[in-house]
Student: 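Here it is, the structure in full.
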Amino acid sequence: MELNKLEKLDECLWQIQRRGGMRVPAIIYASSDLIAGMDNKVYEQITNVACLPGIVRAAIAMPDAHWGYGFPIGGVAAFDPDEGGIISVGGVGYDISCGVRTMLTGFTRDEIGQKLPMLADRLFETIPSGVGSEGSIRLSPSELDDVLLHGAKWAVKSGYGTDEDLKYIEEHGVLEGADPSCVSDIAKRRQHRQIGTLGSGNHYLEIQYVEKIFDQQDADALCLKEDDIIISIHCGSRALGHQIGTDYIQILGQASKKYNIPIKERELVCAPIRSPEGERYYKAMACGVNCALANRQVIGHMVREVFADIFPQAKIKLLYDVSHNTCKIEEHDVDGAMKRLYVHRKGATRAFGPGRKELPAQFTNTGQPVFIGGTMGTHSYILVGKKSGEALAWGSACHGAGRAISRNAALKRWRGRDVIANLARKDIFIRTGSLRGAAEEAPDAYKDVSKVVDAMHTAGLAKKVARVKPLACIKG
Amino acid sequence: MMEDIEVPYETFEHGADMGIRGTGKDILQAFENGARAMFSIMIENFSAVNSIKKINISCGSFDIESLFTAWLNTLLAEADVNNLFLKDFKVTEIKDFVLKGSAYGEPFDPLRHKKGVEVKGATFTELKVFKKIDNEAWIAQCVVDV
């Protein structure tokens, strides 16, 4: 993206002033280096978002922003239902409530020691991943409706995990307002074998260790110490979420015409929040969120079972579970008045600062844990939300590194077998059923996650707490 | 005739995901080859998939381009529901933006099939259905979310 198209307001704060049909300015939080590397499509897409009815304050792009579907990936926007605000499929994305769950194992690197390869093998055998995989859970239509209504609460009630886990999941494990009657039959039929499966693409399960602590006080609050072994799970709502997106692109496409909302890109289709179509999409999307929360809860339970087999004394605690493809109803300060807004985060993580009522007591003084996935060869980061982030971006942070090289180019450049062998030389074990997937996900195919995280830290969106490094990665 | 077309199906560049493109002597064949392009991402040794089981496909939309994504998304859904890898595709009719056709494949066999990358859905990005100016071929393409 050309820097001269933007106005620099601070080191990591850039503005696109209102012009044309933009109702608000657009804001990009990134260093000049990251902006220079951004696709021009981000500029186009974020200014399109700024044109949508009822948008409040600004259309926002995160440091990892790249070309998405309607919204850029790494796009955040809040809409006010009292001002004709809309809800958009593109603002949520296809993989509804895709997110990251991080669990504390209570073990150090030394304690896991030589058992690491066995642990990786067992996790790979136990947790279904990749194309065509199916879980061991078979759901009847009424059971699936329970999943969509009750999310991780359904999972806990069904024996996957504990009540304590629910405190450490956004929305305490269930997004209210879900209505399975708003989800198509085909979406439900696609899902009935997919609960407890990881998927493929950039989804993963990693065994990681804490390599560096940046803030000791916050690390203590999150119970993180150097050399601790943690588990991170990145996945979403599987086929159900995608089918909801596909179904509602059509429905909201018609609604955009009906309500005379000019649409500049097909996946930006939307409906007023207060319209039958908008209400139905929210209810369906909430089902997708709950499906993802249940999915990660079940996978988390499987991780515990594998650990218990190998280390009978293991007590694995959920640190937190974040989602990065959502639309949520949240209270925010708008010019001194508290308003209920529909906050869309497409490839962006909620990152509430200290004191928010949504957070469990453990994080009242630190802010919400935020997990930023890197690559299977480099790092991931753990941060906490900052109070300043609420005024800057509705309490949001980025979600990953973003690709530097397309999947096609990666396939031409690397062979899956070599990628795995190179990582093994660095003592990182890869377990995957797809060599193609390993090549597409080669570490060098991604941007430097550290630059993205540093930009976010500098901008005041979230604060760095720890850097973690993968020891083993399960890929679909 | 398929033989007339040099590259009946292929993938193309997209920043985060992947583009798929089918070429055919008519729209029907371009749609069929577009489906091949998409399913070839999901399995590395695509030719090892046998066309044992047939499923009938019917879908509709409001224009020819969105009919292409509807066709692809219906195939993905049917592949999931029937637990199949799909390999061969036949579009018998497109009339008033309603498509009728069929798809053929078999269940995943870990001994013979090498997994590729799961396609989550076909999108409207780079979505085009058109006749090439330089020859008689038709193109159907879009980006798929992986």
Side-chain angles (χ1 to χ4, degrees), chain A residues 39 41 66-70 73 90 93-95 129-134 184 186-187 189-194 199-203 236 238-239 241-243 245-247 249-250 253-254 265-269 347 402-409 411 416 432-437 440-441 476, chain B residues 10-20 39-46 49 59-63 65-67 69-70 72-74 76-86 105-110 113-127 142-146:
Chain A
D39 198 314
K41 280 279 179 185
H66 51 277
W67 182 14
Y69 302 108
I73 317 284
Y94 286 104
D95 192 356
S129 62
V131 184
S133 59
E134 49 183 72
S184 69
I186 190 74
R189 283 167 58 211
R190 288 182 74 176
Q191 191 62 31
H192 83 284
R193 286 191 302 253
Q194 291 199 352
S200 83
N202 63 1
H203 293 162
R238 311 288 289 114
H242 222 287
Q243 189 67 46
T246 298
D247 292 340
I249 284 245
Q250 301 277 8
Q254 300 295 332
E265 190 178 340
R266 261 176 143 156
E267 270 133 346
L268 209 51
V269 292
R403 289 193 76 89
I405 294 168
S406 76
R407 290 179 181 277
N408 255 352
L411 286 173
T432 179
S434 170
L435 292 173
R436 177 186 180 126
E440 289 185 14
E441 293 292 315
Chain B
E10 62 186 330
T11 58
F12 64 89
E13 297 279 328
H14 176 262
D17 290 309
M18 197 167 274
I20 57 102
F39 279 90
S40 71
I41 296 173
M42 308 240 261
I43 195 150
E44 285 207 57
N45 52 347
F46 192 48
V49 181
C59 59
S61 198
F62 45 84
D63 60 27
E65 287 168 333
S66 60
L67 184 63
T69 57
L72 297 178
N73 283 320
T74 305
L76 287 173
E78 291 295 335
D80 261 356
V81 169
N82 292 288
N83 206 17
L84 294 174
F85 270 128
L86 298 177
E106 66 172 330
F108 176 66
D109 179 348
H113 298 149
K114 289 183 191 164
K115 285 185 180 186
V117 176
E118 187 175 63
V119 174
K120 292 188 281 196
T123 77
F124 286 98
T125 299
E126 300 283 294
L127 171 61
C142 71
V143 167
V144 295
D145 191 6
V146 298

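Letters A, B, ... are given to chains in the order of the sequence lines, protein chains preceding strands, and every chain is numbered from 1.
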Student: Look at Thr125(B), Leu76(B), Val146(B) and state which one has the largest set of heavy-atom pairs under 4.5 Å with chain A.
Tutor: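 Option with the top pair count is Thr125(B).
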Student: Once you round to the nearest 0.5 Å, how far does OG1 of Thr123(B) lie from OH of Tyr69(A)?
Tutor: 4.5 Å
Student: Using a cut-off of under 4.5 Å for heavy-atom pairs, which of His66(A), Gln250(A), Gln243(A) has the most such pairs with chain B?
Tutor: Gln250(A)
Student: Can you tell which part of Glu10(B) gets under 4.5 Å to a heavy atom of chain A, answering side chain, backbone, both or neither?
Tutor: neither
Student: Heavy-atom pairs under 4.5 Å with chain B: which of Ser406(A), Gly199(A), Gly201(A), Gly130(A) has the most?
Tutor: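 Of the options given, most contacts go to Ser406(A).
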Student: For residues Gly116(B) and Ser434(A), report the shortest heavy-atom separation together with the two atoms involved.
Tutor: O-OG, 2.9 Å
Student: For the residue pair Leu435(A) and Lys114(B), establish whether any side-chain heavy-atom pair is separated by less than 4.5 Å.
Tutor: no
Student: Is there a side-chain contact (heavy atoms from CB on, under 4.5 Å) between Tyr94(A) and Lys120(B)? Walk through the geometry before answering.
Tutor: CA-CA 8 Å; Tyr94(A) 286 104; Lys120(B) 292 188 281 196; 6.0 Å; no
Student: Which one, Leu84(B), Asn83(B), Leu127(B), Val143(B), leads in non-hydrogen pairs under 4.5 Å with chain A?
Tutor: Asn83(B)
Student: Top residue by heavy-atom pair count (under 4.5 Å) with chain B, among Leu411(A), Ile73(A), Ile249(A)?
Tutor: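 That would be Ile249(A).
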Student: To the nearest 0.5 Å, what is the distance between CZ (Arg193(A)) and CG (Asp80(B))?
Tutor: 7.5 Å
Student: Measure Gln194(A) against the heavy atoms of chain B and call it side chain, backbone, both or neither at under 4.5 Å.
Tutor: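 Contact with chain B involves the side chain of Gln194(A) alone.
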Student: The test is side-chain contact (heavy atoms from CB on, under 4.5 Å); show your working for Arg266(A) and Ser66(B) and say whether it passes.
Tutor: CA-CA 10 Å; Arg266(A) 261 176 143 156; Ser66(B) 60; 3.9 Å; yes
Student: Any chance you could measure Arg436(A), atom CZ, to Ile43(B), atom CD1, to the nearest 0.5 Å?
Tutor: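 That separation rounds to 11.5 Å.
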Student: Which bit of Arg403(A) is near chain B, if near means a heavy-atom gap under 4.5 Å: side chain, backbone, both or neither?
Tutor: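 Just the side chain, heavy atoms under 4.5 Å.
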Student: Apply side-chain contact (heavy atoms from CB on, under 4.5 Å) to the pair Glu118(B) and Arg238(A), showing each step before the final yes or no.
Tutor: CA-CA 10 Å; Glu118(B) 187 175 63; Arg238(A) 311 288 289 114; 2.9 Å; yes
Student: Ring-plane angle category for Trp67(A) and His14(B), please: parallel below 30°, perpendicular beyond 60°, tilted otherwise.
Tutor: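 Rings of Trp67(A) and His14(B): tilted, as their planes differ by 30° to 60°.
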Student: Taking Lys115(B) for its side chain and Val131(A) for its backbone only, find out whether a donor-acceptor pair lies under 3.5 Å.
Tutor: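 Such a contact is found between Lys115(B) side chain and Val131(A) backbone.
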Student: Please assess Arg407(A) against Asp145(B) for the test salt bridge (charged side-chain N to carboxylate O under 4.0 Å, His left out), listing each intermediate value before the final yes or no.
Tutor: CA-CA 11 Å; Arg407(A) 290 179 181 277; Asp145(B) 191 6; over 6 Å; no
Student: Find the one option among Phe108(B), Phe124(B), Phe12(B) whose heavy-atom pairs under 4.5 Å with chain A are most numerous.
Tutor: Phe124(B)
Student: Counting distance only, does the side-chain N/O of Arg190(A) pair as donor-acceptor with the main-chain N or O of Ala79(B) below 3.5 Å?
Tutor: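 Not a single qualifying donor-acceptor pair exists.
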Student: Would you mind checking which part of Ser129(A) comes under 4.5 Å of any heavy atom in chain B, side chain (CB onward), backbone (N, CA, C, O), both or neither?
Tutor: backbone
Student: Let me know if Ser61(B) has heavy atoms under 4.5 Å from chain A in its side chain, its backbone, both or neither.
Tutor: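 Just the side chain, heavy atoms under 4.5 Å.
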Student: Side chain, backbone, both or neither: which part of Ile41(B) has a heavy atom under 4.5 Å from chain A?
Tutor: both
Student: Heavy atoms only, distances under 4.5 angstrom: which of Ala409(A), Ser133(A), Ala404(A), Ala239(A) has the most pairs with chain B? Name it, please.
Tutor: Ala409(A)
Student: I'd like to know if the side chain of Glu13(B) and the backbone of Asn408(A) have a donor-acceptor N/O pair within less than 3.5 Å.
Tutor: no
Student: Counting only heavy atoms closer than 4.5 Å, note whether Ile405(A) contacts chain B via side chain, backbone, both or neither.
Tutor: backbone
